[in-house]
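Taking it in order: structure first as structure tokens, then the write-up.
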There are 2 protein chains.
Amino acid sequence: MGASKSEFFSEQQNELASLFKAISHPARVAIIEYLLKVDSCICGDIVNELPLAQPTVSQHLKELKNVGIIKGNIEGTAICYCLNPETMKKLENYFSGISNELKSKCC
Amino acid sequence: MGASKSEFFSEQQNELASLFKAISHPARVAIIEYLLKVDSCICGDIVNELPLAQPTVSQHLKELKNVGIIKGNIEGTAICYCLNPETMKKLENYFSGISNELKSKCC
DNA sequence: TTTGTTTATCGTAATATTGCAATATAAAAA
DNA sequence: TTTTTATATTGCAATATTACGATAAACAAA
């Protein structure tokens, strides 16, 4: 074995897991933090900011884009990346929903 | 290589990535969902609920506990697990903080 | 002490992720 | 057209994760 048994879980559970997996790497957390600071930037800016090679940054951006955490707009030869507010709101709502239901006590 | 270059990122970035990694698997999302529904339960209840063997569930619970997403209290031979409200609040605050800063537009 | 119950750990096979050099692609500039 | 600039893709080695059978550990009850 070794493969995750994702087919046994709901679509929503798998989608949430995919979102969290996308931000489960410190480089991708750092990219989010940087995008929040500068509003938007191109891939090369992130390569200069992080201690990673260009193909590695490109790969991280692809994973963030695949799950909708960031958006990319073509601008000439460059691509302008920014955070996707809708996804951030979705994640905020997920945890606020849990927190609100958690008035109860532990065992 | 292959190992994540976590030593180049901040402690906070690594801690957030660890939290997200803990919930980046559909089984662990399902465990959170189940704990939210039943308030608290023992490991065996989760084994009955999920399509996974007991050692696998035990391993998933360990990962959730290591990062403080759940708490476990010994009750005789069993261990009673529940969600940790503080961690849920921390995650809610992380995303609401991002959402609030994101009034700006994309590129 | 022996038995039953519950959970954790070990060992291992299958699979997935990470990082980057090399290279390809695409569009603008010369 | 050729060159430059910016990003993506390929291929591969190193490492990490996932799942579970077998087994151990811890405790209560008989």
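All chains are named by letter (A, B, ...) in the order of the sequence lines, taking the proteins before the strands, and each is independently numbered beginning at 1.
- Among residues at least two apart or in separate chains, side chain to side chain donor-acceptor pair (under 3.5 Å) pairs with a member in residues 48-62 of chain A are A/Arg28-A/His60.
- Residues satisfying the salt bridge (Lys or Arg N to Asp or Glu O under 4.0 Å) criterion with A/Glu75, sequence neighbours excluded, are absent altogether.
- Applying the salt bridge (Lys or Arg N to Asp or Glu O under 4.0 Å) criterion to B/Glu33, with sequence neighbours excluded, gives no partner residue.
- Considering only side-chain N and O atoms, A/Tyr81 lies nowhere under 4.0 angstrom from the phosphate OP1 or OP2 of D/dA6.
- You'll find the side chain of A/Cys41 reaches within 4.5 Å of the side chain of A/Leu35, heavy atoms only.
- Closest approach of A/Ala22 to A/Glu63, counting heavy atoms only: CB-O, 4.2 Å.
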> Reading nucleotides 24-30 of chain D from the 5' end, what letters show protein touch, with B for base, S for backbone sugar-phosphate only, - for no heavy atom under 4.0 Å?
Replying inline: ---BS--
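- Under the salt bridge (Lys or Arg N to Asp or Glu O under 4.0 Å) criterion, B/Lys5 pairs with no residue at all, not counting sequence neighbours.
- Checked by atom type and distance alone, the side chain of B/Asp45 pairs as donor or acceptor with a backbone atom of B/Ile42 at under 3.5 Å.
- Here C/dT7 presents its C1' atom at 14 Å from CD of B/Glu75, a figure rounded to the nearest Å.
- Qualifying side-chain contact (heavy atoms from CB on, under 4.5 Å) partners for A/Leu61, counting only residues two or more places apart in sequence or in other chains: A/Ile31, A/Cys43, A/Ile46, A/Val57, A/Ile70, A/Tyr81.
- Under the ring pair (Phe, Tyr, Trp, His ring centres under 6.0 Å) criterion, A/Tyr94 pairs with A/Phe20, sequence neighbours left out.
- Residues of residues 5-29 of chain A that place a heavy atom closer than 4.0 Å to DNA chain D, in numerical order, are A/Lys5.
- Considering only residues two or more places apart in sequence or on other chains, B/Glu86 meets the side-chain contact (heavy atoms from CB on, under 4.5 Å) condition with B/Asn84.
- Shown for residues 42-54 of chain A: residues whose heavy atoms fall under 4.0 angstrom of DNA chain C, namely A/Leu52, A/Ala53.
- Residue A/Thr56 has no polar side-chain atom (N or O) positioned under 4.0 Å from OP1 or OP2 of C/dT18.
- Within 6.0 Å of atom CD in B/Glu7, more than 12 heavy atoms from other residues, nucleotides or ligands are found, so the atom counts as buried in its surroundings.
- Shortest non-hydrogen contact noted between A/Val67 and A/Ser18 is CG1-O, 3.9 Å.
- Scanning residues 59-70 of chain A for heavy-atom distances under 4.0 Å to DNA chain C yields A/Gln59, A/His60, A/Glu63.
- For A/Lys65, the salt bridge (Lys or Arg N to Asp or Glu O under 4.0 Å) test picks out no residue, with sequence neighbours left out.
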